[in-house]
Structure formats: structure tokens, C-alpha cells
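Here is the structure we will look at, set down as C-alpha cells.
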Amino acid sequence: MTNPTTSSGKLTLSGLPGRRARIAVEKPKNSKQVIFRLWKYLIREKSLLFFIVILLLINTGATLAGSYLLRPIINNYILPHNTPGLIRMILLLLSIYIVGSLAAIWQNRMMISVAQKTVSIIRSDLFSKLQTLPLKFFDSNNHGDLMSRFTNDVDNVSDSLNTCILQLFTSTITLTGIFTLMVYISPMLTVVTLFIVPFMLLVASRIIKKSKSFFTSQQVSLGIVNGYAEEMIRGQKVVKLFCYEEIVSADFEKINYELRNKATKAQYYSGVMMPVIQNLNTINFALTATVGGLLAIFRGLDLGGLAAFLQYSKQFGRPVNEISSQYNTLQSALAGAERIFQIMDEIPEIPDIPAAVSLTDVKGDVSFNSVTFGYDAGKVILNNISFGAKAGQKIALVGSTGAGKTTIINLLPRFYDIQSGQITIDGLEIQKIQRISLRRSMAMVLQDTHLFTASVMENIRYGRLEATDNEVIDASTLAGAHSFIQRLPKGYQTILRNDGDNLSQGQRQLLNIARATVAKPPILILDEATSSIDTRTEQIIQKGMDQLMQGRTSFVIAHRLSTVRNADEILVLENGEIVERGSHEVLLKQKGHYYQLYAGQFD
Amino acid sequence: MKEYFPFFRNYRKALILAPTLVIIDVFCEIVQPKLMSKIVDLGVSQKNMSYVLHTGGIMVALSLLAIAANVGNIYYSSHASVGFAAELRKGMFNKIQKLSVSNIESLSSASLVTRLTNDVNILQEVIMMSLRLMIRAPLMLLFAVVIAININAGLASIIAIAIPVLAVIIYYILRRGLPFFEKVQRKLDKVNATIQENLVNVRVVKSFVREDFEKKKFGFSNNELREISVKASGTVVLILPVMQLVMNISIVAIVWFGGNKIISGTFQVGQLMSFITYITQILMSLMMLSMTLMTLARAAASSERILEVLNAKVDIFDSPSAIEKNLTVKLGKVEFENVFFKYHSDGSEYVLKNISFTILPGETVALIGATGSAKTTLVQLIPRLYEVSKGRVLIDGTDVRDYTMQNLRKNVKLVLQQNELFSGTIKQNLKWGNPEASEEEIVTAAKDSQAHDFIESFPKQYETVLGQSGVNISGGQKQRLCIARAILRKPSILILDDSTSAVDTTTEAKIRESFNGHLKDTTKIIIAQRISSILSADKIILLDNGEIIGTGTHTELMINNPVYQEIYNSQLLQKENEL
Ligand SMILES: Nc1ncnc2c1ncn2[C@@H]1O[C@H](COP(=O)(O)OP(=O)(O)O)[C@@H](O)[C@H]1O
Ligand SMILES: Nc1ncnc2c1ncn2[C@@H]1O[C@H](COP(=O)(O)OP(=O)(O)O)[C@@H](O)[C@H]1O
Ligand SMILES: [Mg+2]
Ligand SMILES: [Mg+2]
């Protein structure tokens, strides 16, 4: 049951149904590494970023120049009563500010577009990654938790990219600029100003240490809440039928309060950073004012100079405050990014071997040689399975539930890899065939029906994207689905929602069959494809299916005699082993398992 | 807004303390420049060293007080905002539990999940922010303006022009941006739904090698989300530079007018400097205010979506008289009286048409009919998952609407065709049938549904952990667990909707046999395809396209119902051919 891809620091919450987080929750990764990976995403928009930096320099330059001009304006124009000069300077100041603001507008808009682009790339990379992961991953991870990574975690990153990066940039540049000006005016006062910096760093590092881990656990908790809610809302009919509303609510309350406790701490520790730093800054300002005052008294610092310096000292505090105020967003972004990268680091399906071939003109000879398989290392599900299907044959798999029929079928498209033995198609071992080509050579109707949010037409066409409308209609006629589709409110254009919630189970199966039919593959696999369909409709499908199976190798799993009796070979599975094999007639005469299984249908 | 008040209930103290502490903080901050200008104007110009030191000391002390106030504020506001969010989530989740199946179908589960986490988070953020900035920013603004007026009322009138100009600009920007945020959340729903669907359908995607197709599909909704996000954020983010511009122009104006005043001798340099300081202060508080407004814009959209859930009209609920009467189902008699039903009130055709029949306590009744003939629909009306459109469903002679849902469903157990198991252990899943069930009761139920043996064969037996919707067990095993879950507490009425379709016939026969033992008095309604599963029924109801086209025992129907004969023959023919 454990996910082999995750080895360390596993968190398995199984106290409550619905609470499972199988992706390793490692100790908060090195933030530097996370930042670096985020940076690699951002840097893709090099040219835009370059532009943004230019605009940013203009904007901050304008702000700095604006405040720097105050001193000469006062000293050189206002005090000497130079009105024409004052007018010139005022106009200069005005144009500087206007240029600065225009730059700011562009810089903000561009940054948002870069940020959103980056975020959407991250989201689509995450989705693409998901497509490469093995079924094992999906078997053992909670849907809602994965969804939370796409929405809540990505959102955190997005928020911070929108504003954070820009602010950090601006603040750093401003800081440098102001610092230079301060040194220029009075190196002595600058030293006083810097006196407080070590204190700030000390306080900051203390707080950072605490809040980082809280943010990570907040995001994990959020994923759990999302997962539980998703599962329970989707299973709401069962919740209602078993009057489980209160129990489910109580369970939700537990994980909800856990989230609350973690989130409160995260918010507190990250939130407290800014005001504390801000006030340390004010203390700094007070000290500077005092020392500056003393300097002015004893060392004859000029009044304008003191005023300007105090102005800078105040301004010096501002970027520092801003950096610390962005800190909160940044932390939650890193926590989110970490969870995103966790998925990106999951191990994908084993890649095709370099020499893997692409199948062309599949004949459809399939054989299993001494195949042994278990989903988990500890438990063997299929034991030494051997059989062969010649091209065009129909092979039926029967046996009690849990015998391993679906498992055999799962091995053909390499949903799971076998532990020992050999599976071949046209004599080629399936590990040596490109996965895409292997899967394209077969169409499956799975035991669990699944449909997409799309029209009936598109759902069937999913089997072969190039299929024309007529081919789709032909396929559904063959699959016995045409007549009910016609009766739907909008026929083939009826939109299905929620996995086909608005259809009956049998109708869903018919659409699943039609989807496989339109694919026209060399190998056809039907896993209890008609189990919910009434026998009269099934008779109709049967004819269609017989026609479809002509010239195709087919594997059919069914409990109904009518479906399996005309198979070329019937394999009877019990506990993962083939216990009987042969044609219908032969097996009936044996009066063994097969006879037993079907005797019930005749009483 | 008032819908939110109850969720703040436990945080009243924090809600009062947080803003109060902000006021202290603002006070400390606002007097600092005043003190500073005193250092310059009184201390320095009069060369009064002790005055400089004294005033400096006061400034430091005030800062320390401010730190304390701020830490307190953050403490209380994080408690209040996060606590509010938690209460809100709880409230929403409880509300969702009350919604009917069709309510939820129309809201869509993926969207409900987004609202529950993402939208609530946005509200949390805005409250956290408000408890600090919404008080702080206007206060700072007010103080700064007052002091600016004090220094020079004439110059201060510049602010009186600037602020209304700003207000108008911000108003227009927000008004433009607001609708975008609502769309952002809706696109997020869509992205979420695509992901949910892909997770559920992963086997289909892989088997048809449609990874690239899905990526394209996802890319489409992802792009839509990006575009609308850029529009939304791109609009509101204009507030910052525009405000900066207006304020900077004001500063220029102040330097000009103030400079002229100095030239004419009615104003002093120190005054001009501190005036500019306060103008900067005003700028900063406006900046903060607008950041809050930006967050508010987004929150307004989310709030609307949350309120949609909180205010959703529940369409199936316990009537007051049902609660008062508190009837329980005892015998298990089921009657349908001229029942009509359709899923959507605006649908053109009824799915069930004029259904009437009676099932006596303890009877076993089979419901058969073609795929889509509305068998599932019919049985879902009995535990009131959906409400009849016309007519009545009676149990023990009482309309199902006159029972509380709890009392009704406790004794009417429906095993759904589309079975649902939850992640957790097998035992936890079975306990849904009866949270207080003992070990033996669980084993008995599992034995009756032929689940015990395979459960025992798992290494961890009843403690085996199931994946979401039971992905790691076979279809027939799932069905048997669902049956076990339903019979854990002996119901008066048991409905099996095609619940053994993936179970082999031998096992199915055994299940039926054990029903005859332990569940002898229970009324059983069975939907099945195989004739063998229904032959022994006391009564067979034959449905076709939402109408009853035959009722009777097997023998009766064989005599007078051609459709039934046809079904029977479709299965019997095979038998004769084979044996
Ligand atoms: N994804 C899975 N992970 C782990 N065990 C599984 C998984 N799917 C099936 N099993 C186990 O494998 C055995 C065979 O299941 P399956 O092949 O589905 O049976 P069936 O013959 O009914 O189709 C069962 O005991 C089941 O519990
Ligand atoms: N949730 C739903 N919303 C709208 N239509 C539905 C819904 N469920 C089923 N239907 C429609 O009602 C009809 C009867 O379905 P159902 O009762 O599931 O049939 P079955 O007899 O196969 O169980 C079908 O035509 C189906 O399309
Ligand atoms: Mg199976
Ligand atoms: Mg049905």
C-alpha cells in the first residue's frame, strides 16, 4: 500500500476516513532551493523582466531624485528668494514625478502579466507532470489534496509574484540609493543609523525560523481539509443515506480546527514581523534625530542638511518595512511552491527503454508467460499466469470477484509492471514496445465507467479523435447506445456532467462501449462492460460486439454466460491462478468451477 | 454581511482588542514627527542638549510601547481572522450537509470545494488586513490631515483637493476591477473541475493515450484563468501608481506654494519640512488603504460565492410537523400513489409517470426493466434523496415527507448502483452502517454479504486501508462491502440497486440465502438484470420508460406479460442451448 516513490518522513493520517496524505511531507526543504526553482520559472520571461527592471529603476530613481531635489530647492532657491529658479525646479520636479508614475504603471502591469504567465506555466507543468505519473500514485493520493495544490498552493505563489517580487526589487534598490545619499550627507550619522540593523536581523531571523514551519504545516492541513471536503461532497448520497451528516461534520471540525491552529500560528509569526521591524525603525529614527540634533549643536551640521538627513533616515526605514511586510506573502508562497515541487519531483512511469519499438500493423497475438504480479511487494495477486491469444481470437476471463481478472487486464497496457514472467504482443515483450504505441493498439472498456464533462458526441469521439460524426453514430449504433442517445434532450449534443451523473448507470456503460468501438483497435478489452445493462439490450449489443470483434483479438470479462459462451477460450481464474481453461462446451462437461459458476444462472 | 456575524461570535474580544491596540500604535507613530520637529526647532536652534536628549528618550519609549501594541494587535487579529475562517468553513460545510442532492448537483462539487477553501482564505486575508490597516490607515490619515491643517491651513487645502480626486479615481478602478474577480473565481472552479475529472478518469486517459489531449484541454481553461487574472489584477494594481502620482503632484504644489510663502516670509523651512513629512504620511496611509481596497475587491467576489452557499435554499428538509411527530419506520410497507417525477422542474417530460404499487412488510420485490427505464430513479425516492414532483410515497402508511429524514433513512437502506467507499480502513467504512457496531456485528454483516472471507485474506484484514472510492479493491469486493455496510444495522426496508452486478452468480446466491436468514422480516426491493436473481421474488414490477407495464409473480407475468416473457426468454434460450 505504501507509495514506493516516497521514502522518508511519511505522514500517513488514517485516523479518519478521508484523511490520507500519501505524498511525503518532508522537513521544510531548503528555501533557497525552492526560491531557485521559482526563479528559473520567472527567468523564462527574460526580456519582459529586463524591461520591468528598467522601468523599476526609472521609477525608484524618480522617487529618490524627487526627495533629493528638496534640499537644493530649499537651500538654493527658496532661501535666496530666487523665484524664476524655483519655477524651473518645480517644473523639473513635476516632470520627474510624472515619468516615475508612468514607469510605475507599466512596471506593475507588466509584472502582473509576467506573474500570471509564470503561474499558468507552473500550473500546466504540474498538470503535465500529473499525466506522466503511474497509476500507483493516483491509487494512493487523495484527489482533494492534489486539487488543493493546483488552486490554493499555486494561488499563494501567484499572490507573491504579483506584488512581492516587485516590492522586494524596489525596496532593495531604494535602500541602496538612500544609503548612498546618507553616506554622502553625513557618514557619521549613517553609522548611527546602521547601529540598529543587527538588532533587526536578529529579530527577523528568530521570527523567520518559527513561521516557516508553520506555513508549511498550514498548507498541508489545508490540503487535508480540501481532500476531506471533496471526498465527502462527492459521496454525499452515501452520507445522506447513512445519516452520517453529523459524524462527517464532526470529523471535518477536527481537521478544520487543526488547520485553524496551524494557520493562526503561521499568520501570527509572519504578521508580527513587519510592525516590530517598523518600530525598531522608529527607534532608529529617534536615535538619529537625537544624535543629529547633538551634531548640529556641537559640530555645526547645517539645518537643511539635518532636515534632509532625517528625511532619508525616515525613508531608509520605508523599504525595510516594505521588505518585512512582503515577508508574510513570501513565506506562504514558498510553502505553496514546496508542495508544488513535491509533485514535480514524483517519479513518473518508468520511461520507455531506448530501443523500444513502435507497433505498426498489430496482428494481435497476445501471450502471458508465467506472469506473477502483486500491487504491493508483500502480496501476490497473480501467480504464474500463462495463456496465449492468437490474432482474432476471443478470450473470456471468468471467476469469482477478486480472483484477479481486472488485474490481468491492467497489465496489458502496462498500467502496472509485472514482477516476473513475460507478456508479449505479436511476439514482442511489452516492455520493449513504446508505451504510447502499446496503448494505442488496444481499446478498453473499464469496469468503472468514466465520462467527461463534454457532449455525448465528444465523449464517444474520445476513443478516436479523428472520427467523423457519422463514425461516432455508427459506433454507438453498434454499441446499442444510439436509441437512448436520440431520446436525450439534445441528442448527441447533450452535455454530460460530473462523470455522467445525469445518465443511468447502464447508459453510461453503453457510452463507454461506444467509445471503445469507435477506436477500432486491433485489441479490444471489455471488463464487465455490460454488467448493468438489461439482458434484452445486451442481446442487441452482443450482435454488434460480435461484428466488431471479427478480426480483432478480444478479452472479455463477464459474469453472464451469454457474453462468454462463444469465446474461443475461456480462462477460469481463482485466487490469481488459472484453474480451468477451454471452450464453453468442454468446461461445462468438466463440471468443475466453471459449471459451478454458471449453474446458478439456470436455477 | 450580517450572515457573517455568527462566525465572529467566539472572537468578540479579539475583534475589539485588535483595533484598540492599533489606535495606541497610531498615536505613538503620529507624535514622532512632531517630537522630531521639536528637536530641530527647539532643541537644536536653542542649543538645548538636555531637551534634545529628553525628547529623544520619549521617542524611544513610545516606539517600545508601539511594539507591544502591535504584537498584541497581530496576536488578536490573527486569532480573529483565522478563527473566523475556520468557523465559516465549518458553517459552510454544515450547510452543504443540509443541501439536497439536486442542490449540490446544481452547484457542482468542484466549485463547492473551491469555495470552502480558496474563497474562505481570501476572506480570511482581508479580515486579517482590515483589523490592522482598515483602522490604522484612516486614523493615520485623519491625524496627519489634522496636523497638516494645524501647521498651515492654506497649504492643507491642497490635500482637500487631492483626496477627493483620489477617491473618485479609486472608485472607478475598483468598479472596473470588481467583476473580473468574480470571473477569476469561476475560472478557478473550472480548472479545479478539470483536475478533479482527470484524477477520477486517469485510467481512461491513459488507456486511450489522451495525455496530450487532456493537456490541451487543461491549457485552455488554464489560459482563460490567466487572462482573466491579468485583467483583474492589472486593473486594480493601477491604484498604486495613480495614487503615487496624485500625491507627488500635491508635494510639488506644496513646495511651490510653501516656497513662495517662505520667500514672502510667512512660513519657515522647518514647517515646510514637517509639512512634507505629514504629506508623505498621508500618502502612505492612502497606499495602505488602497491595498486593503484591492484585497477587498477580490474578497467581495469570494464573499458573494460563499453567501450563495450559505443562503442556498435547501429544497428537501424536515417539516416542523415531522419533527414534532417524530415517527419511525417499523413495519416496512411501501406504497407509491400516482407518483410523477422529473429531475429538473423545467424538464419537458416526466422520468417517472403515474407510478402506483404497494409492497407489504417482509416481501421481496424485484424491479426490472431496460436500461434507463428509471429503476434507480424510482428507488431513490423512497429514502427521499429526491422529492416526488406529484403524488405520494408512503411508508407504513405515512408520507415520507412526514418522517424526519434521520428516522426515515435509519430504517430504509439503499445500496446505490454507483457505489461509494471512502478512504480509510475497511472497518471505518463498514461502521458507516452503525457507528456503534461491535466487532461481532461487523463480522456478521460481512459474513452475510460474503465479504468476510476476502477481507480476511488481506494482510491487514479489517484494518486494510482503502484508497479514495475504494480504488484498490475489485468491483465485486466493493459491492459486497457496500452491502455489508447497509445491513450492519438491520433495516426495515433494504433496497439493492443492481448491487451484485460485479459479483459472480455463486456468491450472489449465497448472499441471497443469508438474507433469507437474518433479514427475513425486512422488506427487500431488488433491482437486478439476471432473472435468476429475481425468480424467487414475491412480486416483480416491470418498468418501461418510466411507467409500470406489469406487476405480479413470475408465474403470473409469464402468463400475461409479453415483455416479461421476452426478457425471460432472452436468458432462458441461452440455457437451453447450453445445457
Ligand atoms: N489498485 C490496487 N491496489 C492494490 N490491490 C488491488 C488493486 N486493485 C485490485 N487489488 C486487489 O487485487 C485482487 C484482484 O482484484 P481484481 O483483479 O480487481 O479482481 P476481479 O477478478 O474481480 O476483477 C483483489 O484482492 C483486490 O483487492
Ligand atoms: N441526476 C439526473 N439528472 C437528470 N437526469 C437523470 C439523472 N439520473 C438519471 N437521469 C435520467 O433518467 C432516466 C432514468 O435513469 P435511471 O433511473 O438511472 O435508469 P435505470 O432504470 O437504468 O436505473 C435516464 O434516461 C437518465 O438519463
Ligand atoms: Mg474486476
Ligand atoms: Mg440504474
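Convention: sequence-line order gives letters A, B, ...; per-chain numbering from 1.
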What donor-acceptor contacts under 3.5 angstrom involve side-chain atoms of residues 232-243 of chain A, with partners at least two apart or in another chain?
from: A:R234; atom 1: NE; to: A:E230; atom 2: OE2; distance (Å): 2.9
from: A:R234; atom 1: NH2; to: A:H143; atom 2: ND1; distance (Å): 3.3
from: A:K240; atom 1: NZ; to: B:L99; atom 2: O; distance (Å): 2.8

Exercise for review: Examine whether an atom of B:L385 lies under 4.5 Å from a heavy atom of chain A, and if so say whether it belongs to the side chain, the backbone or both; otherwise answer neither.
Suggested key: side chain
Check your understanding: Using a cut-off of under 4.5 Å for heavy-atom pairs, which of B:V503, B:L414, B:T507, B:N94 has the most such pairs with chain A?
Key -> B:V503
Practice item. Below 4.5 Å from any heavy atom of chain B, which atoms of A:E253 appear? Answer side chain, backbone, both or neither. Key: side chain
Study note, to complete from the structure: Checked A:G506, A:S120, A:S504 vs chain B; the most non-hydrogen pairs under 4.5 Å come from A:S120
Review point. Which of the residues B:S108, B:S233, B:P383, B:S81 is involved in the greatest number of heavy-atom pairs with chain A at under 4.5 angstrom?
Key: B:S233
Check your understanding: Quick check: does any side chain N or O of B:Q418 sit under 3.5 Å from a backbone N or O of A:Q505, one acting as donor and the other as acceptor?
Key -> no
Practice item. Give a yes or no on this: more than 12 heavy atoms of other residues, nucleotides or ligands lie within 6.0 Å of atom OH of A:Y268. Key: yes
Review point. Can you check side-chain contact (heavy atoms from CB on, under 4.5 Å) on A:L146 and B:I195, steps first, answer last?
Key: CA-CA 9 Å; A:L146 293 173; B:I195 296 160; 5.6 Å; no
Check your understanding: Checking A:R260 side chain against B:H79 main chain: does a donor-acceptor pair fall under 3.5 Å?
Key -> no
**Study point:** NZ-CZ distance between B:K206 and A:F138, expressed to the nearest 0.5 angstrom
**Key:** 5.5 Å
**Study point:** Most chain B-contacting option - heavy-atom pairs closer than 4.5 Å, from A:I533, A:I87, A:N502
**Key:** A:I533
Practice item. May I have the step-by-step check of side-chain contact (heavy atoms from CB on, under 4.5 Å) for B:L225 and A:R123, ending in yes or no? Key: CA-CA 11 Å; B:L225 174 60; A:R123 224 187 259 119; 3.1 Å; yes
Point to revise | Side-chain donor-acceptor pair present, A:E231, B:S423, cut-off under 3.5 Å | key: yes
Exercise for review: Working to the nearest 0.5 Å, report the span between CG of A:D501 and OH of B:Y343.
Suggested key: 9.5 Å
Practice item. Check whether the side chains of B:N118 and A:N152 place a donor and an acceptor atom closer than 3.5 Å, and report yes or no. Key: yes
Study note, to complete from the structure: dist B:R89:CZ -> A:F252:CZ (nearest 0.5 Å) comes out at 6.5 Å
Practice item. Provide the closest heavy-atom pair for B:N222 versus A:S124 in the form atom of the first, atom of the second, distance. Key: ND2-CB, 3.5 Å
Practice item. Identify which of B:L64, B:V60, B:V101 forms the greatest number of heavy-atom pairs closer than 4.5 Å to chain A. Key: B:V101
Study note, to complete from the structure: Greatest number of non-hydrogen atom pairs under 4.5 angstrom with chain A, of B:E508, B:R480, B:K410, falls to B:R480
Revision key, fill the gap. Here the gap from B:Q406 atom CD to A:E245 atom CD, rounded to the nearest 0.5 Å, amounts to 7.0 Å
Review point. Can a salt bridge be assigned to the pair B:R203 and A:D139 using a cut-off of 4.0 Å between side-chain N and carboxylate O?
Key: yes
Check your understanding: Between A:V119, A:L222, A:T537, A:L102, which has the largest tally of heavy atom pairs under 4.5 Å with chain B?
Key -> A:L222
Check your understanding: Given the options A:I90, A:N256, A:L86, A:V272, which has more heavy-atom pairs under 4.5 Å with chain B than any of the others?
Key -> A:N256
Check your understanding: Of all of A:L130, A:I98, A:V225, A:L451, which one pairs up most often with chain B through heavy atoms under 4.5 Å apart?
Key -> A:L451
Point to revise | Non-hydrogen atoms of A:S531 and B:D498 that approach each other most closely | key: O-OD2, 4.1 Å
Exercise for review: Against chain A, label B:A85 side chain, backbone, both or neither, depending on which of its atoms sit under 4.5 Å from a heavy atom there.
Suggested key: neither
Point to revise | Distance, nearest 0.5 Å, that separates CD of B:E211 from CZ of A:F127 | key: 10.0 Å
Practice item. For A:N226, check side chain to side chain donor-acceptor pair (under 3.5 Å) against everything at least two apart and list the hits. Key: B:T117
Exercise for review: Just do the side-chain contact (heavy atoms from CB on, under 4.5 Å) check on B:Q244 and A:N59 with the steps written out, would you?
Suggested key: CA-CA 11 Å; B:Q244 200 187 341; A:N59 178 24; 3.8 Å; yes
**Study point:** A:D534 side-chain N/O to B:T371 backbone N/O, donor-acceptor pair under 3.5 Å
**Key:** yes
Point to revise | Point-to-point distance, once rounded to the nearest 0.5 Å, from CG of B:N201 to OH of A:Y462 | key: 7.5 Å
Exercise for review: Please test B:F213 against A:L465 for side-chain contact (heavy atoms from CB on, under 4.5 Å), starting from the C-alpha separation and ending with a verdict.
Suggested key: CA-CA 9 Å; B:F213 179 77; A:L465 299 179; 3.5 Å; yes
**Study point:** Interchain contact, B:S109 with chain A, by part (heavy-atom threshold 4.5 Å)
**Key:** both
Practice item. Give the member of A:Q131, A:Q267, A:R497, A:K117 that has the highest number of heavy-atom pairs under 4.5 Å with chain B. Key: A:Q131
Review point. Parallel, tilted or perpendicular: which fits the ring planes of A:F150 and B:F218, with parallel below 30° and perpendicular above 60°?
Key: perpendicular
**Study point:** Side-chain H-bond candidate by donor/acceptor type, B:N192 with A:T151, under 3.5 Å
**Key:** no
Practice item. Name the option with the most non-hydrogen atom pairs under 4.5 Å to chain A; the candidates are B:V230, B:V209, B:V255. Key: B:V209
Check your understanding: Strictly by modelled atom types, are A:T453 and B:E197 linked by a side-chain donor-acceptor pair under 3.5 Å?
Key -> yes
Review point. Heavy-atom distance under 4.5 Å to chain A: side chain of B:L416, backbone, both or neither?
Key: side chain
Study note, to complete from the structure: Closest heavy-atom pair, B:F93 versus A:A229, reported as atoms and distance to 0.1 Å, is CE1-CA, 4.0 Å
Review point. What option among B:K98, B:M405, B:R132, B:E105 has the most heavy-atom pairs under 4.5 Å with chain A?
Key: B:R132
